[in-house]
Amino acid sequence: MTLAEQPGVTATPADPARTGPALATPVGPAKPARERTGGRLTRLRSTDPEAFAKPQGREEDWRFTPLRRLRGLLDGPPADAKLDVTVSGPAGAAVGAGVTVEQVDGSDPRVGSVLTPADRVSAFTRARADGALVVTVASGVALDEPIVVRIAGEGGTAYHQLVVDIRPFASATVVLDHVGTATVAGNVELRVGDSGSLTFVSLQDWAPDAVHVAAQAVSVGRDARFRSFTVTLGGDLVRLSPTVTYAGPGGEAELYGMFFTDAGQHQEHRLLVEHGERSCRSRVTYKGALHGDGAHSVWIGDVVIGPVAIGTDTYESNRNLLLTDGARADSVPNLEITTGEVAGAGHASATGRFDDEALFYLMARGIPADEARRLVVRGFFAEIVDRINVPDLAERIMVAVDAELDAAEGARVGARSPVASA
Amino acid sequence: MTTLEIRDLHVSVETDADDGREILRGVDLTVRTGETHAIMGPNGSGKSTLAYSVAGHPKYRVTSGSVTLDGVDVLAMTVDERARAGVFLAMQYPVEVPGVSVSNFLRASATAVRGEAPKLRTWVKEVREAMGGLEMDPAFAERSVNEGFSGGEKKRHEILQMTLLKPKIAILDETDSGLDVDALRIVSAGIEAVRAAGQTGTLLITHYTRILKYVKPDFVHVMAGGRIVDSGGSELAAVLEDGGYDRYVKTSEPAVAPGPVVAAGAGS
């Protein structure tokens with residue numbers, strides 16, 4: 001990774017064992033980075049894939065990712081399949097009044113207005129995708145029903161780009177629902193206009209063999225409010241890079257995430273919140289449950305508070321629950337502060353095993369072990385799911401979590417039976 | 001009529017060392033429906049170990065002896081089976097279960113213990129009445145189990161469960177500890193109400209005699225050095241109130257002193 005290093009105070013976070021290497025040594029001539037923040041966590045950005053050296057696996061940005069399972073996405077293979085993309089209201093109904101849905105070509109000024117690629121896959125996506133789908137919610141329109149963008153993979157390799165433009169004073173909920181299977185690279189750009197409000201749900205409900213790499217960038221306008229739920233359940237390899245920037249003071253961003261990582265799955269969430277404006281707020285809360293051999297989750301939570309971003313209030317946390325041996329959760333919070341006046345800045349990361357005392361407590365009330373485990377895991381995710389204001393979707397997510405738990409219990413019983421019969 | 005019989009129970013606590021440390025050294029006790037037994041004794045005498053062993057906590061290993069409920073082997077049961085058989089343990093330190101609401105938890109446990117889901121309408125009324133009896137705010141039901149509860153709230157929550165689950169045998173492990181006078185009165189009234197129904201045998205484990213002013217025991221046992229060293233009626237509590245445990249600790253010393261009979265793990 002090439003980094004633009006600028007002078008400034010770097011406040012290194014807790015968990016020194018992990019965060020130490022996170023600040024990589026700058027290499028080679030740096031491209032201009034974003035000037036508002038400009039710290040060491042700030043990424044190189046370019047639309048040219050070759051501006052990013054092809055990762056070999058030891059680079060800070062890629063060291064957790066099993067490169068061989070990316071199915072060549074680092075080389076930007078041409079698309080050989082289509083995604084089935086639909087935009088609708090809930091349950092296939094028409095989108096509400098005040099919503100415009102367009103397919104535009106790559107020269108449209110809205111494409112790239114929020115997101116400049118920060119890695120090789122994202123830059124290839126810009127080059128290879130067939131333009132972008134643009135969803136606009138007109139100024140002042142407040143939608144009651146969610147807009148659902150459904151992306152169904154049907155095998156092969158595909159690219160897609162989505163732009164969501166919430167005009168000033170508008171409010172909406174947008175659900176990006178990924179299903180099926182494919183090797184997919186995506187760029188998602190979200191703009192929340194001044195005093196606008198967007199709730200964005202990105203659901204990765206892929207079949208077990210999907211590979212999904214995506215950059216999801218939001219620009220939060222003056223006094224605007226952004227809330228996102230990133231829910232990753234399926235896929236062989238999922239690597240998402242959500243980033244937040246602010247286009248004016250007073251913006252607020254709450255990023256919730258949850259993942260249930262099964263045996264052999266790699267699920268990676270790399271967050272960056274760049275506080276480059278005054279008096280903005282950010283909260284990041286991600287929770288993961290991991291089960292089975294080779295289950296691997298990665299959570300990177302970078303927060304940069306730039307020199308002008310006085311009055312920033314930020315907190316990020318990641319909690320992981322290891323349900324079995326053989327699962328691995330990497331969790332790396334990074335906080336870089338280059339201003340003297342913040343309202344609050346902190347982070348927390350904890351990865352733990354299933355609480356046996358909680359299990360005993362529930363069982364001592366007659367609740368069987370499998371149901372007790374289910375209650376605890378459901379409870380663990382409830383903090384996230386209960387906030388999703390789309391009831392059907394929250395229900396679907398909990399059903400999916402239950403299914404994951406059932407599979408986990410099945411594996412547990414299966415693993416035990418030889419012992420029992422011996 | 002239910003009988004819990006504990007016979008010559010020896011229990012070790014699981015440690016990193018192979019053999020473990022013996023805490024209970026031959027406990028005999030019989031508790032029948034309608035009876036209230038108080039077990040008193042100094043710190044480290046094995047009172048809580050007895051409670052958790054009967055409930056089946058994995059940390060404790062029964063090395064010999066038996067525990068039966070109407071002749072059925074309790075020790076062969078899993079923790080949840082014991083609870084469904086009618087054994088209830090009110091814990092001294094109830095465990096937090098984040099994200100699981102009290103109302104969900106109560107319903108799940110009542111469903112498990114009763115063998116069927118309680119009818120919703122009668123259930124809501126039942127919970128409301130039980131909470132009212134313990135002077136608990138209805139909003140309590142929406143909080144996560146034990147999360148952020150005060151000491152008094154945790155204990156009320158334990159007795160609330162006892163009220164709803166109507167156990168055959170209730171073991172109350174230092175339910176009185178950490179309670180102020182008002183909370184002690186409320187919690188005691190809750191225990192009394194279950195007892196008055198006559199369907200439960202109660203084993204009250206405590207350091208102090210003050211709860212015995214509210215919940216009158218039929219039998220008082222003194223535990224020291226991993227054994228029951230004295231038993232009597234409620235008058236024994238008054239003796240303890242005056243004299244403390246000193247003489248039991250002294251008389252029990254030979255049992256814990258190194259010697260051929262108790263060489264394994266003794267004195268550690």
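Keep in mind it's a predicted model, so treat the numbers as computed, not measured.
Of all heavy-atom pairs between B/A112 and A/G366, the closest is CB-O, 3.0 Å. Counting all heavy atoms, side chain and backbone alike, A/A364 lies closest to B/V79 at N-CG1, 3.5 Å.
By the 4.5 Å heavy-atom criterion applied to side chains, A/F360 and B/V95 are not counted as neighbours. Between A/L375 and B/V97, every side-chain heavy-atom pair lies at or beyond the 4.5 Å cut-off.
With sequence neighbours excluded, no residue forms a salt bridge (Lys or Arg N to Asp or Glu O under 4.0 Å) with A/D262.
Chosen from B/L89, B/V113, B/V87, the residue pairing most often with chain A at heavy-atom distances under 4.5 Å is B/L89.
Judged as a ring pair (Phe, Tyr, Trp, His ring centres under 6.0 Å), not a single pair has a partner in residues 389-412 of chain A (not counting sequence neighbours). For residues 66-85 of chain B, the set of pairs meeting the ring pair (Phe, Tyr, Trp, His ring centres under 6.0 Å) definition, not counting sequence neighbours, is empty.
For A/A372, no part lies near chain B; criterion is any non-hydrogen pair under 4.5 Å. Residue B/P167 does not touch chain A at all, counting heavy-atom pairs closer than 4.5 Å.
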Considering only heavy-atom distances, could you tabulate the donor-acceptor pairs under 3.5 Å between chain A and chain B?
unit_1: A/E357; atom_1: OE1; unit_2: B/H57; atom_2: NE2; d: 3.1
unit_1: A/E357; atom_1: OE2; unit_2: B/H57; atom_2: NE2; d: 3.0
unit_1: A/Y361; atom_1: OH; unit_2: B/N146; atom_2: ND2; d: 3.3
unit_1: A/Y361; atom_1: OH; unit_2: B/E158; atom_2: OE2; d: 2.4
unit_1: A/Y361; atom_1: OH; unit_2: B/Q161; atom_2: NE2; d: 3.0
unit_1: A/R365; atom_1: NE; unit_2: B/Q161; atom_2: OE1; d: 2.3
unit_1: A/R365; atom_1: NH1; unit_2: B/L89; atom_2: O; d: 2.8
unit_1: A/R365; atom_1: NH2; unit_2: B/L89; atom_2: O; d: 2.8
unit_1: A/R365; atom_1: NH2; unit_2: B/E158; atom_2: OE1; d: 2.7
unit_1: A/G366; atom_1: O; unit_2: B/R84; atom_2: NH1; d: 2.9

